[in-house]
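Worksheet: one structure, shown below.
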Amino acid sequence: MKSIDFIVVGGGSSGCTVTHRLVKAGFQVVLLEDGPKDDSIFVQMPATFIRVIGSKRSVIYESEPQPDAGGRKTYVPQGRTLGGGSSINAMLYIRGQKEDYDEWERNGCDGWGWDNVLASFKRSENHMRLSEPFHGTNGPLRVSDTRFRHPLSQAFLKAAQQTGIPYNDDFNGEKQDGVGFYQTTTFDGRRGSTASTYLKEVENAPNLDIRTGCYVNKIIFDGDNNATGIELRNESGKIEILSVKKEIILTAGALSTPKILMLSGIGPKNQLSQHGISTLYDSPEVGENYQDHLEVSIYGRAKQPISLLGSDKGLKALSYGFQWTCFKTGLLTSNVVESGGFVDTSNCGRPDIQFHVLPTLVGDVDREPIEGHGISINPCFLRPKSRGFARLRSADPKDSMIFESGALSHRDDVDTLIRGVKLARKIIRAPAMAELISEELRPSAKENISDAEIEAHIRSHAKTVYHPVGTCRMGSDEQAVVDTKLRVNGVKGVRICDASIMPTIVSGNTNAPTIMIAERCAEFILNDE
């Protein structure tokens with residue numbers, strides 16, 4: 001192969017995006033992904049994403065026991081395949097709120113205000129029915145409405161409106177407030193990951209080398225702190241060195257990108273020295289500032305066996321599989337989390353709670369669901385104040401990180417979820433839901449329960465929505481890990497363009513914003529050339 005211009009470390013949402021743009025611009029690019037290809041049918045079928053979580057195409061990060069979450073561990077599944085999170089997530093296309101990005105800009109991220117990022121969102125998007133002023137129609141990322149809508153998902157929307165929450169046809173439009181059906185990264189009844197959209201367009205280009213099964217150990221630098229290449233362990237388990245002419249772009253995610261930096265000598269000096277790693281650049285905030293969205297389920301028992309329970313077994317499964325294979329219609333085209341919404345529960349002027357609604361009773365990575373047919377209404381806080389961190393356990397790249405999620409450590413986060421649970425309990429008792437739901441199972445069948453009882457349910461059942469961000473904070477101050485063009489401070493030839501650079505988490509699902517960040521990274525690179 002010709003000399004390499006760019007090495008992209010991580011073939012997920014952002015890695016496929018920035019690779020596409022650089023290959024289209026004519027650069028010689030190597031894309032490295034630790035996991036396998038995205039060629040599982042359970043990746044392509046939207047409704048079967050739960051089958052991928054826990055498989056070889058995902059990695060589940062496990063925190064230390066969290067004292068404010070009942071001593072439970074936090075489990076954060078992330079994609080480990082081409083497409084990354086966009087190949088295993090529930091496909092919700094949500095950008096967040098205008099105020100999120102304007103706040104980034106006010107706090108030193110010049111050029112990252114709403115007007116700037118909106119242009120990048122639109123450039124990435126190919127929307128099936130919406131256009132200006134908020135949507136794009138010519139980008140690689142396919143965004144559409146789901147082809148299947150479950151009766152329980154529809155009942156939630158009617159019930160929410162009966163409680164006074166307005167209907168919203170576009171959470172990415174003028175206003176985020178309200179309930180509605182989510183737009184999804186799907187097309188023609190299939191998942192539209194960045195691997196099946198962005199990467200698919202360029203995968204056979206002569207100036208692209210896609211390598212799966214490659215685990216990056218560290219970045220290699222010369223004596224002047226210039227990145228010259230990377231050290232990796234290939235699919236055969238052998239150590240290789242790849243040299244690079246221009247830049248290395250880290251897109252490994254909020255729980256792997258800081259690990260690569262620290263193993264390369266970029267991070268808190270006192271921590272690196274504990275593991276015998278020479279400090280190339282003392283960057284105290286690498287691995288700090290961890291943030292995530294947490295939600296808690298309110299469960300309702302269905303009067304009839306209408307939920308998704310049993311849909312993956314027997315004749316039902318065969319029927320749905322045949323329908324999807326032949327026509328790309330039916331239940332398997334559903335992203336499962338079809339409906340939800342955004343509500344201001346604190347009268348702060350913008351939504352602080354998001355609802356994820358599933359037409360089945362769901363558990364968590366470490367917890368089996370309640371038996372029987374029912375619905376899960378999950379209020380999620382949007383702007384957590386709790387913070388955690390990820391730090392090296394040793395200098396061995398194969399060792400897991402010491403991960404403290406900080407779950408529910410800030411009182412305001414608990415109070416926000418209490419308000420969300422109260423609203424969810426009100427919705428589940430509204431007439432449209434009462435037609436289908438016989439009783440609330442958790443937190444309580446009783447209509448009136450105390451805040452203390454709700455809090456106990458939150459601390460024992462709250463789980464992450466798998467949106468880890470913030471561990472390589474962007475900013476214009478000296479403590480920031482990357483500058484506003486995503487260049488790693490203290491060294492040359494390294495950028496980061498994944499969710500780890502978010503100074504604060506956005507008010508919604510993080511896949512679309514991560515793709516936007518990669519679009520902006522490509523723009524910065526191409527403008528510098």
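In this chain, numbering begins with 1 at the start of the sequence shown.
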Using side-chain heavy atoms (C-beta onward) and a distance below 4.5 Å, is Leu22 in contact with Ile249? yes
Asp399 versus Ser394, side-chain donor and acceptor atoms under 3.5 Å: yes
Between Thr146 and Asn335, does any side-chain donor sit less than 3.5 Å from a side-chain acceptor? no
Matching residue for Arg191 among Thr48, Thr185, Asn89 - test: side chain to side chain donor-acceptor pair (under 3.5 Å): Asn89
Is there a donor-acceptor pair closer than 3.5 Å between any side-chain N or O of Asn172 and the backbone N or O of Arg95? yes
Which residues pass the salt bridge (charged side-chain N to carboxylate O under 4.0 Å, His left out) test with Arg211, not counting sequence neighbours? Glu240
With a 4.0 Å cut-off on N to O distance, would you call Arg393 and Glu64 a salt bridge? yes
Donor-acceptor contact below 3.5 Å, side chain Lys259 vs main chain Pro397: yes
Work out which heavy atom in Thr333 is nearest to a heavy atom in Phe148; give both atom names and the distance. OG1-CB, 3.7 Å
Fit a plane to each ring of Phe171 and Tyr182, take the angle between them on a 0 to 90° scale, and name the class: parallel (under 30°), tilted (30 to 60°) or perpendicular (over 60°). tilted
Quick one: pull up OG in Ser243 and CD1 in Ile7 and give me the separation to the nearest 0.5 Å. 7.5 Å
Between Val494 and Phe221, is there a side-chain heavy-atom distance shorter than 4.5 Å? yes
Just checking Lys218: does its NZ atom have more than 12 heavy atoms from other residues, nucleotides or ligands closer to it than 6.0 angstrom? no
Counting only heavy atoms not in Lys328, do more than 12 sit closer than 6.0 Å to its NZ atom? yes
Answer yes or no on whether Arg149 is positioned over the face of Phe181, meaning its NZ or CZ is under 6.0 Å from the six-membered ring centre and within 45° of the axis. yes
I'd like to check Phe322 versus Phe327 (side-chain heavy atoms, cut-off strictly below 4.5 Å). Are they in contact? yes
Answer whether the closest heavy-atom distance between the side chains of Pro351 and Leu382 falls below 4.5 Å. yes
Are any of the side-chain nitrogens in Glu33 or Arg80 under 4.0 Å away from the carboxylate oxygens of its partner? no
With side-chain contact (heavy atoms from CB on, under 4.5 Å) as the test, would you mind laying out the steps for Ser405 and Asp292 before giving the verdict? CA-CA 8 Å; Ser405 69; Asp292 197 358; over 6 Å; no
Using the benzene-type ring in the case of Trp, are the ring centres of Phe27 and Phe6 under 6.0 Å apart? yes
Mark yes or no for whether Ser58, through its side chain, and Ser55, through its backbone, hold a donor-acceptor pair below 3.5 Å. yes
Does Ser196 use its side chain to pair, donor to acceptor, with the backbone of Ser193 at less than 3.5 Å? yes
Should Ile50 and Asp312 count as side-chain neighbours, where that means a heavy-atom distance under 4.5 Å? no
Given 3.5 Å as the limit, does a donor-acceptor pair link the side chain of Asp5 with the main chain of Gln28, or not? yes
Output yes when a side-chain donor or acceptor of Asn168 lies under 3.5 Å from a complementary backbone atom of Gly180, and no otherwise. no
Report yes or no: does Trp112 contribute a side-chain atom to a donor-acceptor pair with the main-chain N or O of Gly475 at less than 3.5 Å? no
Name the one of Asn217, Leu32, Val9, Asp34 that satisfies side chain to side chain contact (heavy atoms under 4.5 Å, CB included) with Leu232? Leu32
Would Asp39 and Arg57 satisfy salt bridge (charged side-chain N to carboxylate O under 4.0 Å, His left out), going step by step from the backbone distance to the final call? CA-CA 10 Å; Asp39 52 4; Arg57 289 179 172 82; 2.7 Å; yes
Could you check if a side-chain atom of Val506 sits within less than 4.5 angstrom of a side-chain atom of Tyr101, using non-hydrogen atoms only? yes
When rounded to the nearest 0.5 Å, the distance separating OG of Ser334 from CZ of Arg147 is 13.0 Å
Considering non-hydrogen atoms only, spot the tightest contact between Asp483 and Met474 and give its length. O-CG, 3.6 Å
Which heavy atom of Pro133 sits nearest a heavy atom of Leu118, and at what distance? O-CD2, 4.2 Å
Output for pair (Ile501 CD1, Arg495 CZ), nearest 0.5 Å, gives 12.5 Å
To the nearest 0.5 angstrom, please state how far the NE2 atom of His135 sits from the CG atom of Asn126. 12.5 Å
Approximate separation, where rounding is to 0.5 Å, of Ser40 OG and Phe49 CZ: 14.0 Å
Would you give the length of the straight line joining atom SG of Cys472 to atom CG of Leu261, rounded to the nearest 0.5 angstrom? 5.0 Å
Testing the basics here: between Met91 and Pro46, what is the closest heavy-atom pair and its distance to 0.1 Å? CE-O, 3.2 Å
Are the side chain of Glu105 and the backbone N or O of Gly111 linked by a donor-acceptor pair below 3.5 Å? yes
So, Arg129 and Asp169, do they make that salt bridge, N to O below 4.0 Å? yes
Assess, by modelled atom type and distance only, whether the side chains of Ser144 and Thr186 contain a donor and an acceptor separated by less than 3.5 Å. yes
Give a yes-or-no answer on whether the side chains of Gln183 and Asp170 include a donor-acceptor pair shorter than 3.5 Å. yes
Quick one: does Thr81's side chain have a donor or acceptor within less than 3.5 Å of a partner on Pro36's backbone? yes
Looking at side-chain heavy atoms only, is the closest gap between Trp114 and Glu99 below 4.5 Å? no
What do the steps show when you test Val244 against Ile230 for side-chain contact (heavy atoms from CB on, under 4.5 Å), and what is the final call? CA-CA 8 Å; Val244 69; Ile230 54 98; over 6 Å; no
Does Glu132 have more than 12 heavy atoms from other residues, nucleotides or ligands lying within 6.0 Å of its CD? yes
Distance-only, no hydrogens or angles: does the Gln291 side chain make a donor-acceptor pair with backbone N or O of His467 under 3.5 Å? no
Tell me yes or no: between the side chains of Ser376 and Asn378, is some donor less than 3.5 Å from an acceptor? no
Which heavy-atom pair separates Leu31 from Gly10 by the least distance, and what is that distance? CD1-O, 3.6 Å
Between Met262 and Met401, is any pair of side-chain heavy atoms under 4.5 Å apart? yes
Can you tell me if Ser507 and Arg383 form a side-chain donor-acceptor pair at under 3.5 Å? yes
With Arg123, which residues qualify under salt bridge (charged side-chain N to carboxylate O under 4.0 Å, His left out), at least two apart? Glu519, Glu523
Any idea which heavy atoms bring Val362 and Ser297 closest together, and the distance? CG2-OG, 4.2 Å
Without hydrogens or angle criteria, can the side chains of Ser13 and Asn511 be said to hold a donor-acceptor pair below 3.5 Å? yes
With no hydrogens and no angle check, just 3.5 Å: does a side-chain donor-acceptor pair link Thr194 and Ser86? yes
Any ion pair linking Lys122 and Glu125 (charged N to carboxylate O, less than 4.0 Å)? no
Which residue in the set Phe403, Phe389, Tyr61 passes ring-ring contact (aromatic ring centres under 6.0 Å, His included) when paired with Tyr290? Phe403
Once ring pair (Phe, Tyr, Trp, His ring centres under 6.0 Å) is applied, what residue pairs with a partner in residues 192-218 remain, sequence neighbours excluded? His20-Tyr198
